[in-house]
Amino acid sequence: MRNVNFEDYRLEDGVLWLDGPQSRARLEAYEGGYWRLLIWHRPEDEKKGSWVVDAPPRVAATLERSAGGLALRAAGAEIRVRLKPFALFWEGLEFADLQVGEQPTWTTDAAAVAEALVGGTALREAEDGYPLAGGYAIHLLEREGRRYFGLGERTGFLDKKGRRWLNWTADSPEQQPGDDPLYQAHPFLIAFDEGRVRGLYLDESWKSSFDLAFREAGRSRIAVEGPTFDLWLLPGPEPAALLERYTALVGRPWLPPLWALGYHQCRWSYPDEQSVEGLIEGFKRHEIPLSAVWLDIDYMDGYRVFTFSPYRFPDPPRLVRRLAAEGVRVVTIVDPGVKKEAGYPVYESGRKIDAFVKNRREEELVGEVWPRPAVWPDFSRSEVRRWWGEQHRALLEAGVAGIWNDMNEPAAFAVEGDETFGVGKTLPADARHGARLHAEVHNLYGLLMSRATHEGLRRLREGRRPFVLSRSGFAGIQRYAWVWTGDNSSYWEHMAMSVPMLLNLGLSGVAFCGADIGGFRGDASGELLTRWTWLGALYPFMRNHSAKTSRRQEPWAFGEPWLGYIRQAIRFRYQLQPYLYTLAEEAARSGQPLMRPLFYHFPDDPEAAGVYDQFMLGPDLLAAPALRPGQQRRLVYLPAGRWYDFWTGEAEAGPGWLVAPTPLDRVPLWLREGRALPLSAGRPAKSAHWDPLVWRLTPSDRLEGQVYTDDGDGYGPGERLKLTGRFDGKRLLVSQEPLTEAEVLIELVGAAEPRAASGPVSFRRGVLRLPLRGGEAWVEW
Ligand code: GLC
């Protein structure tokens with residue numbers, strides 16, 4: 001391990017070049033306020049491209065020498081550099097003590113790699129990595145009170161400080177509260193000081209780690225085991241601006257088809273046609289709306305991807321049609337492991353294009369996952385992605401509406417040459433993806449598989465929006481897929497942990513994510529499933545899923561009273577659809593997450609920054625779910641402003657804490673003053689031309705709300721309808737623009753019975769309802 005300093009510098013085309021005995025570096029400025037620090041060692045390692053970054057145009061920086069070092073300026077922003085000992089000062093962050101490892105792990109010499117990595121699993125076990133075997137590390141000096149967020153999918157609480165987090169995608173079949181890493185790798189960190197955020201994105205797919213004041217309280221450490229160190233610095237200062245910048249760099253989600261925002265039912269497995277039909281009957285009988293049924297691995301013929309079992313699913317198109325008549329879609333799982341079997345068309349056609357990952361001897365790497373034996377497509381090559389995309393034709397022709405990509409860390413149960421068998425394995429770090437090592441491609445495997453799927457769906461189904469769910473992913477996964485958090489258990493702790501986990505995923509650009517409702521492993525109870533379904537009604541992705549070995553947990557599994565509460569929660573989800581869809585459109589346009597921590601909207605409130613078990617759904621709703629068994633009430637923090645209980649209309653003034661009751665028939669929810677929330681009837685809508693459209697609002701001097709409307713799928717035009725209103729203490733006047741054909745209703749919460757109104761009024765339990773006609777409605781007290 002050697003410290004890196006620089007001796008020479010020069011400014012060339014507005015880029016600062018640094019030269020030292022052990023490293024070279026470049027500091028570049030980009031339109032939008034980004035800086036990029038790129039360090040490398042050997043001339044042949046100089047980085048040419050990126051797997052995920054869409055760089056904005058570069059801007060020329062100007063240079064000024066001062067006593068302390070160099071000051072670089074571009075587009076009003078400044079960064080200061082000290083050459084020796086190397087340090088960087090930017091937006092109140094101070095980077096220093098740059099180190100380079102002695103022995104590079106990135107050499108392509110097979111013997112040296114084997115020695116350095118000792119097989120694929122060693123990368124994970126030797127995770128401590130001190131001192132760095134090869135690669136770079138840089139330190140970030142700590143400041144009191146700083147918090148850290150982001151880093152994708154992690155166990156623990158919202159603030160990630162105080163631990164070391166590894167970026168190395170891993171199958172985690174028996175997730176425990178302290179486990180790390182999980183399935184996703186997002187080397188994106190948000191540093192939060194006194195209401196200000198900045199982002200650090202390490203654009204390296206090699207194994208990397210973020211030690212956040214763990215080893216040493218006074219400093220954090222960002223390290224990568226690769227040949228370059230490529231760090232993007234992203235200014236805020238507000239969370240929304242940072243997310244917009246980050247997702248401009250790594251990508252934004254597609255606007256999903258409307259049905260994807262509904263309720264999904266899954267189980268490992270609904271193994272045959274009869275069980276699927278029985279399931280649909282259950283939903284009908286219990287009057288519970290449903291958007292999609294998910295088929296897990298047992299629909300396949302002997303775990304051969306892109307096939308249906310001819311015995312258990314003799315006529316998939318017929319089944320899909322029957323379900324479609326009930327408004328229900330089918331989503332099928334597709335794992336990357338391809339059965340190695342002579343005569344199996346997917347294997348044979350893959351072999352023809354030399355599609356599979358190789359071992360270090362350049363032969364097809366063979367292992368086991370669900371299929372035995374199995375080989376893995378090399379998604380790092382575009383022709384392989386294209387071939388994989390093509391394979392979806394069989395499923396799409398049967399009418400499948402979306403694809404679920406699993407086991408793409410990639411997970412393996414056994415790999416040739418490794419005597420042990422078990423879950424949690426992956427491919428050896430020295431496996432070959434063309435000229436690249438698995439060590440470089442590993443973290444990208446899920447991202448590139450999802451890309452192949454997403455692009456395949458777009459090609460094969462023109463005019464329909466793709467829908468892909470992925471377990472593994474890297475920075476930018478949202479461009480191709482939604483994410484769920486993998487194999488949790490039916491623990492109250494896992495339900496509680498899903499809140500900060502999903503919030504940090506959202507802060508890492510993954511706007512559409514969810515956890516398995518009811519828990520995947522273990523046995524749920526009626527109460528747990530009730531609470532989790534209410535919480536899940538606010539997840540961007542709402543799916544109930546459970547493992548083969550666990551108790552059934554369909555909405556009716558526990559009988560009454562739970563069934564009634566769960567039905568209400570699912571219907572509530574459908575009521576929220578206009579709001580969710582409007583947020584979804586915002587996510588697609590500007591990368592904003594749907595679920596947001598309180599500090600997202602209240603960055604200057606230090607109390608809000610510490611809250612991890614409440615969240616905002618968009619800017620208008622604040623949720624404080626019940627997360628404990630037997631819970632009767634809970635503490636709720638309301639930031640500054642007036643808040644109206646969504647259910648009772650009762651007004652509260654923030655900032656401050658209150659004790660709120662937590663009955664089983666709702667999730668505690670507050671509507672922000674001045675906001676009009678678009679809702680619909682609590683059933684699936686055929687399109688996003690909301691009919692009826694219900695504006696739920698609170699009495700405030702000024703009111704505002706928006707709803708996005710379009711066909712709900714395809715690429716036709718969309719528009720935003722706006723509701724505005726004024727209230728002078730006596731008279732409330734609201735108007736909507738533009739007008740549509742749909743029936744529009746106003747629901748006013750927290751109002752007294754009125755004296756007169758523009759139309760027929762109903763008044764029940766603190767909620768006043770009246771129609772909006774000709775674009776206007778008024779009420780007088
Ligand atoms: C993995 C997935 C899980 C799925 C199972 C069988 O454990 O995480 O969701 O049900 O595999 O395919």
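Values below: every heavy atom of this structure, side chains too, minus hydrogens, waters and symmetry copies. Indexing begins at 1, ligand by ligand and atom by atom, following the structure's order.
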Exercise. Just by distance, do the side chain of Tyr303 and the backbone of Arg372 share a donor-acceptor pair under 3.5 Å?
Worked result: no
Exercise. If you measure from the Lys or Arg side-chain nitrogens to the Asp or Glu carboxylate oxygens, is any gap between Arg267 and Asp296 under 4.0 Å?
Worked result: no
For this session: Apply ring pair (Phe, Tyr, Trp, His ring centres under 6.0 Å) to Phe313 and list each qualifying residue two or more places apart in sequence or on a separate chain.
Result: none
Exercise. Considering residues at least two apart in sequence or located in another chain, which fulfil the salt bridge (charged side-chain N to carboxylate O under 4.0 Å, His left out) criterion with Arg479?
Worked result: Asp54
Problem set entry | Check: Gln553 side chain, Ile517 main-chain N or O, donor-acceptor pair, under 3.5 Å | yes
Seminar exercise, completed: Per the under 4.0 Å non-hydrogen criterion, ligand 1 touches Trp268, Asp296, Ile297, Ile333, Trp370, Trp404, Asp406, Arg471, Trp484, Asp487, Phe520, His545
Exercise. With Phe512, which residues qualify under ring pair (Phe, Tyr, Trp, His ring centres under 6.0 Å), at least two apart?
Worked result: Trp482
